[in-house]
Amino acid sequence: MAKDFSTRAENYSKWYNDIVQRAELAENSAVRGCMVIKPYGYAIWENMQAALDKMFKDTGHSNAYFPLFIPKSFFSKEADHVEGFAKECAIVTHYRLKNDPEGKGVVVDEDAKLEEELIIRPTSETIIWDTYRNWIQSYRDLPILVNQWANVVRWEMRTRMFLRTAEFLWQEGHTAHATKQEALEETHQMLDVYADFAENHMAIPVLKGIKSENERFAGAVETFCIEALMQDGKALQAGTSHFLGQNFAKAFDVKFASKEGKLEYVWASSWGVSTRLVGALIMAHSDDNGLVLPPKLAPVQTVIVPIYKTEEQRRIVSEKAVEIKNRLEKLGVRVKFDDRDTHKPGWKFNEYEFKGVPVRIAIGPRDVENGTVEVARRDILKKEIIANDQLDQTVLSLLDDIQHTLFRRALAFREENTRTADSWEEFKQILDEKGGFILAHWDGTAETEQKIKDETKATIRCIPLDDDKESGKCVFTGKPSEKRVVFARAY
RNA sequence: CGGGGUGUGGCGCAGUUGGCUAGCGCACUUGCAUGGGGUGCAAGGGGUCGGAAGUUCGAGUCUUCUCACCCCGACCA
């Protein structure tokens, strides 16, 4: 097979970029740091949105929409929050252009300066909590369970397709509760929703945990996360759920009258996942032949490629293909019949392989004669000839099997690449030679974490939520520790 | 913002001790053959050489300025 793209071993980041480009997921735009998400890539995101949106609705949430622009003053109300985002905000200062008096194009009209600058949202806590103040007076107004699908802007220095771009798409849930307990339960519930989505839809195993102080969301009391491991041994945060305590309620003066008639501050949570998940999907499953997609999120689950020489053969084969397409669609399968005469079958095989279509069906004159079809699966690149009357069942079980095979494969990879380190030497050696997750003891201080980061670039991805307590000594300082935490180099 | 690099048809590149019609691969168009894993042959279309100024008989090539993008660092989902 002709190869004109990189392999993972040759150059992992080039391999990633090649897949994004060649599979037509996205491309760089004329705007620095911003990408164009192409139809095929956007279709994956839409499938993610559809599944997540249903899960949000099923847990009682409703969608709403808040402004893109946030008055600058809002940001200064929560101290940690400002500090966390100040360095990456885009700011609107003017509202009008005019013709350049020098004659070329348009220039900013300096007379149209805004009284108060507007920040383009890097996240919406401030504008939403300013709004919630008006929505909440009594315990009867609680809880508020709102989600919004939106774009946000964080002015990044270094960007990578899907993983880090200046503008990205995401959903952010913002909830308000009468009690700390309820807000915490919500935080955990949504973390579970994310883990469920990652594992059962994306087929990516994730670790659930708590972020260390250094990695915590600016303004949160506690940040929970799901962490996934990519094929190059680096970790990727796939979703976060924050317990915000009463921080934003206090900053925006959001109080409610309790049953007892006392005025109390509202408790909050926020949680989000972004188009970064598309990047995770690529890096978790794809191989040196291109993209590999889990059936549940694949825009096309099964593609039918006709094979023929003469017009007569084309007619016969197409007729059969259309019949199969209709049959499979009735079963709920997303099918594409590629009847373009402008490309040859071999070309199409490579095309769909590169685009990660889980199942491919090829039908030629021989098949029509014999009552068979050729069925190929993308995950393990195997194909077989089966009888036409077994096709429905075969495709359904193949889709199911591919979904599970991808998960098992990713899980096996993570297990192979999760190691314990009990000495500093061992820690550094694993990191340099193998990467992956490292389970090690840590003395619990931000200073130690920072020193480890400075020396190795590895950070604490999370403090696992499981209750495996084990006393030991910090891998860096030797001070006592009661639990292992997860270290890794991360995206 | 610090260090390094690159700008030449849609994409990837060559050409750079100044020299005449600026070239190659892929892609594109047309025709014929081909069609069960990226098809072959033939013909064809397409370029202000990032921009500006300068040196020169002559600039893709030299000089100065400028713009853009990429890579490495600090920051981050």
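In what follows, chains carry the letters A, B, and so on, assigned in the order in which the sequence lines appear, proteins first and then strands, with residues in each chain numbered from 1. Because the structure is a prediction, the values reported are computed rather than measured.
Nearest-nucleotide assignment on RNA chain B puts the 5′-proximal partner with A:K348, out of A:Q237 and A:K348. Judged by closest nucleotide on RNA chain B, A:R360 is the one of A:R360 and A:K453 placed further toward the 5' end.
Nucleotides B:rU34 and B:rG25 place their P atoms 26 Å apart, quoted to the nearest Å. Nucleotides B:rA74 and B:rC69 have their P atoms positioned 22 Å apart, rounded to a whole Å. For the C1' atoms, the distance linking B:rG23 with B:rA14 amounts to 7 Å, nearest Å. Only the P atoms considered, B:rU63 is 11 Å distant from B:rU17, to the nearest whole Å. With C1' as the reference atom, B:rU29 and B:rC75 are 49 Å apart, rounded to whole Å. Taking atom C1' on both nucleotides, B:rC67 is separated from B:rG50 by 7 Å, rounded to a whole Å. Between B:rG15 and B:rU21, the distance separating the two C1' atoms is 15 Å to the nearest Å.
Within the 4.0 angstrom heavy-atom criterion, no nucleotide atom of any strand lies near A:D454. A:D367 comes within contact range of at least one nucleobase, with a heavy-atom separation under 4.0 Å. A:K211 comes within 4.0 angstrom of no nucleic acid atom, judged by non-hydrogen atoms across all strands. As judged by a 4.0 angstrom heavy-atom cut-off over every strand, A:L163 is placed among the base-contacting residues. Counting non-hydrogen atoms under 4.0 angstrom, A:F168 reaches a base of the nucleic acid. Using a 4.0 Å heavy-atom criterion, one finds that A:T223 contacts no nucleic acid atom at all.
Summarising the base pairing, B:rA14 is matched to no nucleotide, lacking a Watson-Crick or G-U wobble pair whose two defining distances lie under 3.5 Å. In this structure, B:rC69 and B:rG5 make a Watson-Crick or G-U wobble pair, each of the two defining distances being under 3.5 angstrom. The base-pairing partner of B:rG45, taking Watson-Crick or G-U wobble contacts with both distances under 3.5 Å, does not exist among the strands shown. With a cut-off of 3.5 Å on both pairing distances, B:rG35 has no Watson-Crick or G-U wobble partner at all. B:rG60 is unpaired under the Watson-Crick or G-U wobble criterion, no partner having all donor-acceptor distances under 3.5 Å. Across all strands shown, B:rU21 has no partner, as no Watson-Crick or G-U wobble contact with both distances under 3.5 Å is found.
Ion pair A:R489/A:D432 flagged as a salt bridge, since at least one NZ, NE, NH1 or NH2 atom sits closer than 4.0 Å to an Asp/Glu carboxylate oxygen. The pair A:D232-A:K234 fails the salt-bridge criterion, with no side-chain N (NZ, NE, NH1 or NH2) lying under 4.0 Å from an Asp/Glu carboxylate O.
Side-chain atoms of A:D341 come within donor-acceptor range of the base of B:rG35, with a qualifying N/O pair under 3.5 Å. One can find a donor-acceptor pair under 3.5 Å joining the base of B:rG38 and the side-chain atoms of A:R22. Residue-to-nucleotide contacts include no donor-acceptor pair under 3.5 Å from the side chain of A:K309 to the base of B:rG36.
The side-chain tip of A:K355 points at the ring of A:Y40 from less than 6.0 angstrom away and within 45° of straight on.
Here B:rG37 is the nucleotide among B:rG38, B:rG37, B:rC75 with the atom lying nearest to any side-chain atom of A:F349. For A:K344, taking side-chain heavy atoms from C-beta onward, the closest of the listed nucleotides B:rU34, B:rG37, B:rG73 is B:rU34. When each of B:rU39, B:rG73, B:rG36 is scored by its nearest atom to the side-chain atoms of A:K457, the top-ranked nucleotide is B:rG73.
A distance-only check finds no donor-acceptor pair linking the side chain of A:W45 to the backbone of A:M48 [under 3.5 Å].
The list of side chain to side chain donor-acceptor pair (under 3.5 Å) pairs with a residue in residues 77-91 of chain A, not counting sequence neighbours, is empty.
A straight line from NE2 of A:H343 to P of B:rG40 spans 15 Å, rounded to a whole angstrom. In this structure, NZ of A:K383 is placed 7 Å from C1' of B:rG36, rounded to the nearest angstrom.
Residues satisfying the salt bridge (charged side-chain N to carboxylate O under 4.0 Å, His left out) criterion with A:K296, sequence neighbours excluded, are absent altogether.
Less than 6.0 angstrom separates the ring centroid of A:H61 from the ring centroid of A:W271.
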